[in-house]
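In what follows, a structure is listed as structure tokens, so that the remarks can point back to it.
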Amino acid sequence: MALFKKKNQTEENGTSEAKEFDYKAEVLKALNEKLKGNLYDECIIMPRGYTIDVKIGKHEEKEEVKLVQVIFIVNNDDFDEPLIDPVDAQGKNYEEAAKMAADIFYGGVWHPIEQAKEKKNPIHIPVTYLNQHYDFDMYAQSIVRIGTSTNAKPVMLLAFIKNEIPKYLGSKKYYWLRIYLAKHKDREIVEVRVNGSVCSELHKFFKPYIDSWDASSTFICEKQYGFFVQRDDDKCPFKKETVVNTARAALEKMVKVSNRDEYMAMADELEEIAGDKDIAAEVRIFIPEILAKLTLGYQEGDSLFLIDGDSKIEFKKTQLRSYFYIQQVVLEFLNKRPSQEDVQKIVLNSVAFRELKKVNQEQGHEPKDLYVPGTAFKIGTENYKVW
């Protein structure tokens, strides 16, 4: 019995040690050995206003291999949103897994950021839409590859969408594009994000490439970042906080509106809060559309369609900076678990919802089975400019 108790105690100590291992500290230590920055308050501070934070996701052990998901968060005062990079790493021990995570982040994300800081080997990307022109420098080099044969020639993933990239860049100072491809047996993952937002229309460009992989006996993945810096300073006349505060106020008011007069009064109040008619209009228009998409579950493309007279001018959601600011607030609203009645009251103002309801009544299709290419909108003010 004494022997059994001793063995059990050893097992408990081993489990305790595993739980107590500080992955975050180890990842930051391994990463900072490469970056030579300043470790302060559990983050790395780098020159030119960059800070790197780390959050640890799921971690476990399988067949004596340590598995960990590390979420790297890069902030800069000139970023409208943080750059977030989830990394899956493994190793024979905790330290090895932490080092692998740091290596993947350094090669995949920090390398192009470092190129941008030094203005090293930029690729010019001109962007023109809605009578506006912007010039960007793209920095991209490193491709992270796991499970790929050492004999396989590296492929520049960004080359698959080189003609599409300018369609997704707008007026912001910084954009980043993340391409992640993974395959194991018959399961494939293709994910392309611009500033953290999934751009589903770009996925099709990688389908033939990933279909060609032989992942019958191993897990294969490839990842690449493109980092884009506008040559001019950001000239947007409003801040993100203005849109966010207006959107929060709008949601509070929308659940109380019961007739057109109250709606018009709300519109006037939002203009006062925003201090800008265009922002107030964008908030009023996009909140119901975004809420409808998130709650009804239909598939929606990456486009916006600006109605100008009898024509529709197409551009991408990532080119209108307020769109994802508003979506962030809508997600906050949903996380508070609002009543179904409040959600329905707002969604009833969605054009997409009304059209889908009509299709459902006429053809019997459920919203989740339908695809909407994008959101059409109209701004009534003169000299409206997309920022």
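Since this is a predicted model, take the numbers as computed values, not measurements.
Nearest heavy-atom pair, P208 versus F205, reported as atom, atom and distance to 0.1 Å: CD-O, 4.2 Å.
Surrounding CD of Q340 are at most 12 heavy atoms belonging to other residues, nucleotides or ligands under 6.0 Å away. Other residues, nucleotides and ligands place no more than 12 heavy atoms under 6.0 Å from the NZ atom of K29. More than 12 heavy atoms of other shown residues, nucleotides or ligands fall within 6.0 angstrom of atom CG in N335. Other residues, nucleotides and ligands place more than 12 heavy atoms under 6.0 Å from the NZ atom of K24. The local environment of NZ in K312 is sparse, with at most 12 non-hydrogen atoms from other residues, nucleotides or ligands closer than 6.0 Å. Remark: N259 CG is packed, more than 12 non-hydrogen atoms of other residues, nucleotides or ligands lying under 6.0 Å away.
Side-chain atoms of D214 and S216 include a donor-acceptor pair closer than 3.5 Å. No hydrogens or angles considered: a donor-acceptor pair under 3.5 Å links the side chains of R284 and Y263.
Below 30°, between 30° and 60°, or above 60°: for F160 and Y209 the angle between ring planes is between 30° and 60°, a tilted geometry. Between F79 and Y174, the two ring planes are perpendicular [angle over 60°; tilted spans 30° to 60°].
The aromatic ring centroids of Y139 and F227 lie 6.0 Å or more from each other. Residues Y94 and F21 bring their aromatic ring centres within 6.0 Å.
Judged as a side chain to side chain donor-acceptor pair (under 3.5 Å), the pairs with a partner in residues 64-73 (not counting sequence neighbours) are, in order, E61-K66.
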Salt bridge (charged side-chain N to carboxylate O under 4.0 Å, His left out) assessment of E300 paired with K317: CA-CA 11 Å; E300 188 174 71; K317 293 172 183 174; 2.6 Å; yes
Test salt bridge (charged side-chain N to carboxylate O under 4.0 Å, His left out) applied to R178 and E191, step by step: CA-CA 8 Å; R178 177 182 186 265; E191 185 180 83; 3.2 Å; yes
Step-by-step salt bridge (charged side-chain N to carboxylate O under 4.0 Å, His left out) determination, D103 to K34: CA-CA 9 Å; D103 288 345; K34 294 176 171 292; 3.2 Å; yes
K223/D85 under salt bridge (charged side-chain N to carboxylate O under 4.0 Å, His left out): CA gap, chis, key distance, verdict: CA-CA 11 Å; K223 179 170 73 172; D85 183 43; 3.2 Å; yes
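Taking the side chain as every heavy atom from C-beta outward, F228 and Y134 never approach each other to under 4.5 Å. Within the 4.5 Å cutoff, side-chain heavy atoms of P126 are placed close to those of H133.
Contacts of D41 classified as side-chain contact (heavy atoms from CB on, under 4.5 Å), with partners at least two apart in sequence or in another chain: none.
The main-chain N or O of A98 is never found under 3.5 Å from a side-chain atom of Y23 such that the two would form a donor-acceptor pair. Listed for the K173 side chain is a donor-acceptor partner under 3.5 Å among the backbone atoms of Q230. The backbone N or O of M156 lies less than 3.5 Å from no partner atom in the side chain of Q224, so there is not a single donor-acceptor pair. Distance alone, capped at 3.5 Å, places no donor-acceptor pair between the Y168 side chain and the L177 backbone.
Ionic pairing of E81 and K172 is present here: one or more N-O contacts between side-chain nitrogen and carboxylate oxygen are shorter than 4.0 angstrom. Using a cut-off of 4.0 Å between Lys/Arg side-chain N and Asp/Glu carboxylate O, D234 and R321 are scored as salt-bridged.
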